[in-house]
Amino acid sequence: MLSSTSLNPITNPKIPFFSSFSIQSPSLLSFHLPFSPSKTLLKPISATLIPSTPPPQQQQLYQPFRPPPSPLPPKFRSLDAQGRLDVLANRNGLWFEYAPLIPSLYQEGFSPPSIEEITGITGVEQNRLIVASQVRESLIQSKTDEDVMSFFDTGGAELLYEIRLLSASQRAEAVRYIVENGLDAKGAQDLARAMKDFPRRKMDKGWKSFEYGLPGDCLSFMYYRLSREHRNPSEQRTAALMQALQVAESESAKKEVSEELEGGEDEKPEKDDDLEYRVRVPVVRMQFGEVAEATRVVVLPVCMAEEDTKELLEAPLEYRSGGDFGVVEAEKGWKRWVVLPSWEPLAGLRHGGVVVAFSDARVIPWKSNRWYKEEAILVVMDRNRKEVEVDAAFYLAMVDGGGLKVDTGSALKEMGVKESLGTVVLVVRPPKEESDDQLSDEDWE
């Protein structure tokens, strides 16, 4: 039987402290502690046992200057400024070889006029040579067919200059078409504009029938769109469609143009006295940069819908453009004008045309359950056609002093209105980044 004395701790300082319950026998101690505790405690601890982390190597920040490779051909690199000027003056070598000499002279302080005075190369031609050589180099990097590139060995800088705004893949297709069809500088310019503009015309009539990857189809679509700016039928419209048919590459594009050409010949002129004729008012969404790229434009005075009819009546009736610069002259001064592409409804609208700006598109009688657009719009109208005749036509009128309003002829007749302020010929919506569908004929009430 255990007593309290048997539980006293061992006081011998030479023996480490262990409880009688923790150590039962030497064999058990040796099982849990294979080393000698006394020796372990007497062994000094050395910090050198912990491996030290080597200091991070200092990164080399200085990089020796390596000048970019010289754009000059090897045979011209040793020439001084005067030697390069002599090469340009005598046109020694191929045009794309001496073209890089021009920017190298710019870097040494020469200006385009000073180079022109010495070499006879005008500033415009200097720029054309520089840009064309860069376009040629990009075509070589994109592995354009060597047979095509050989066409530009002895000339053609003016052709390559015109396709500068196209992407690398577009440039390769463009030069192929230029070489195969023998285009001049004007033709190359039209081709480049057509290829650049084509993706932004998704909402235009017939766009899906033309293929973006074919330069001829892009050019054909440009002529196809141009034909719609002329009255139907007319010689100008037929000529534009014939051009579109001539340059079209895909069968779908040829079919679309042919149907438009054949349909235009069979159509009859519109009769103003036909009251059963269904009037279609075009509604177009402006595109960014469309005015700048239009081949023809119209300039029209603008009135605000919030103003009374006095401003509308005072807007100038006569305005024309003439001279070498197409300067617009009006019969009297006016403070607000707008420039629009010469779309088909606006072709010939010179006398009596005016634009009314509305801040809210809900004034237009289209079906609000489908088109509820709180956006600014421009309504183009013809003040020479004021009589309310056709029920399906749209007119601008002042009804019961409630402000300017666009309404159908039938609605105005029910209100007893026989004369309007003018007939609506076009509605223009503002440009925006994302494209949306245009209004169809069924969207109007």
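If you're wondering where the values come from, they're calculated on a predicted model, not measured in any experiment.
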Sequence-distant partners of V179, side chain to side chain contact (heavy atoms under 4.5 Å, CB included), two or more places apart: V148, F151, F152

Stepwise side chain to side chain contact (heavy atoms under 4.5 Å, CB included) test for L183 and L159: CA-CA 8 Å; L183 299 185; L159 302 177; 5.6 Å; no

From R136 atom CZ to T144 atom OG1, the distance as rounded to the nearest 0.5 Å: 10.5 Å

E108: partners by salt bridge (Lys or Arg N to Asp or Glu O under 4.0 Å), with sequence neighbours left out: R84

Selection residues 176-194 - residue pairs positive for salt bridge (Lys or Arg N to Asp or Glu O under 4.0 Å), sequence neighbours left out: E173-R176, R176-E180, K186-D190

Under 3.5 Å: donor-acceptor pair, side chain of E158, backbone of R128: no

Considering all heavy atoms, the nearest P316-W337 contact: CG-CH2, 3.8 Å

Contact check, side chains of C218 and L191, non-hydrogen atoms, under 4.5 Å: no

Approximate separation, where rounding is to 0.5 Å, of E389 CD and S420 OG: 10.0 Å

Shortest non-hydrogen separation from S220 to V257 and the atoms involved: OG-CG2, 3.9 Å

Member of V427, V356, V338 meeting the side-chain contact (heavy atoms from CB on, under 4.5 Å) criterion with L378: V338

Closest contact, heavy atoms only, S133 versus W95: N-CZ3, 3.7 Å

Nearest-0.5 Å distance that lies between atom CG in L166 and atom CE in M195: 5.5 Å

Side-chain touch M222/Q243, heavy atoms, less than 4.5 angstrom: no

Spatial distance of atom OH (Y395) from atom CD (E387) [nearest 0.5 Å]: 8.0 Å

Please output the side-chain donor-acceptor pairs of residues 209-216 that fall under 3.5 Å, not counting sequence neighbours, one pair per line with the distance.
| unit_1 | atom_1 | unit_2 | atom_2 | d |
| --- | --- | --- | --- | --- |
| S209 | OG | E256 | OE1 | 3.3 |
| Y212 | OH | Q170 | NE2 | 2.6 |

Pairs meeting criterion side chain to side chain donor-acceptor pair (under 3.5 Å) with involvement of residues 145-155, two or more places apart: none

Under 3.5 Å donor-acceptor, R228 side chain and W343 backbone: no

D407 side-chain N/O to L412 backbone N/O, donor-acceptor pair under 3.5 Å: no

Atom of R385, atom of V425 and distance for their closest heavy-atom approach: NH1-CG1, 4.0 Å

R91 and I121: CA distance, side-chain angles, deciding distance, side chain to side chain contact (heavy atoms under 4.5 Å, CB included) verdict: CA-CA 10 Å; R91 310 296 197 276; I121 303 177; 3.3 Å; yes

Short side-chain to backbone donor-acceptor contact, S104 and L101, under 3.5 Å: yes

Pairing residues for E137 by the side chain to side chain contact (heavy atoms under 4.5 Å, CB included) criterion, not counting sequence neighbours: I140, Q141

From CG (L129) to CD1 (I102), nearest 0.5 Å: 5.0 Å

OG-CD1 distance between S138 and I163, expressed to the nearest 0.5 angstrom: 7.5 Å

By side-chain hydrogen bond (donor to acceptor under 3.5 Å, both in side chains) - contacts of R383 (at least two apart): none

Ring pair (Phe, Tyr, Trp, His ring centres under 6.0 Å) contacts touching residues 103-135 (sequence neighbours left out): none

Residues which pass side chain to side chain contact (heavy atoms under 4.5 Å, CB included) with V339, listed by chain and number, not counting sequence neighbours: V291, V297, V299

Check: V302 main-chain N/O paired with W334 side-chain donor or acceptor under 3.5 Å: yes

R336 side chain reached by V355 side chain, heavy atoms, under 4.5 Å: no

Donor-acceptor contact present, side-chain R285 to main-chain R429, <3.5 Å: no

Chi angles and distances behind the side chain to side chain contact (heavy atoms under 4.5 Å, CB included) call for S342, V298: CA-CA 6 Å; S342 184; V298 295; 4.0 Å; yes

Those residues that, when tested against Q82, pass side chain to side chain contact (heavy atoms under 4.5 Å, CB included) (two or more places apart): D80, L85, D86

Close side-chain approach of L139 to M149, heavy-atom, < 4.5 Å: yes

Residue pairs involving residues 414-426 (criterion salt bridge (Lys or Arg N to Asp or Glu O under 4.0 Å); sequence neighbours excluded): none

Pairs where residues 109-123 contributes a residue and the test salt bridge (Lys or Arg N to Asp or Glu O under 4.0 Å) is met, not counting sequence neighbours: none

Smallest separation among heavy atoms of V354 and A315, with atom names: CG2-CB, 4.1 Å

Sub-4.5 Å side-chain heavy-atom contact between T238 and L261: yes

Y98 and N92, any side-chain heavy atoms less than 4.5 Å apart: no

Y224/K205 under side chain to side chain contact (heavy atoms under 4.5 Å, CB included): CA gap, chis, key distance, verdict: CA-CA 10 Å; Y224 178 83; K205 178 181 180 298; 3.1 Å; yes

Any donor-acceptor N/O pair, K413 side chain to V390 backbone, under 3.5 Å: no

Residue K255 excluded, over 12 heavy atoms near NZ under 6.0 Å: no

Side-chain donor/acceptor of D382 to backbone N/O of T423, under 3.5 Å: no

Least distance between heavy atoms, I178 atom then A188 atom: CD1-CB, 3.8 Å

Side-chain touch Y161/N127, heavy atoms, less than 4.5 angstrom: yes

Test item: Y177 and L219 side chains (from C-beta on) under 4.5 Å apart, heavy atoms: yes

Side-chain donor/acceptor of T119 to backbone N/O of L88, under 3.5 Å: no

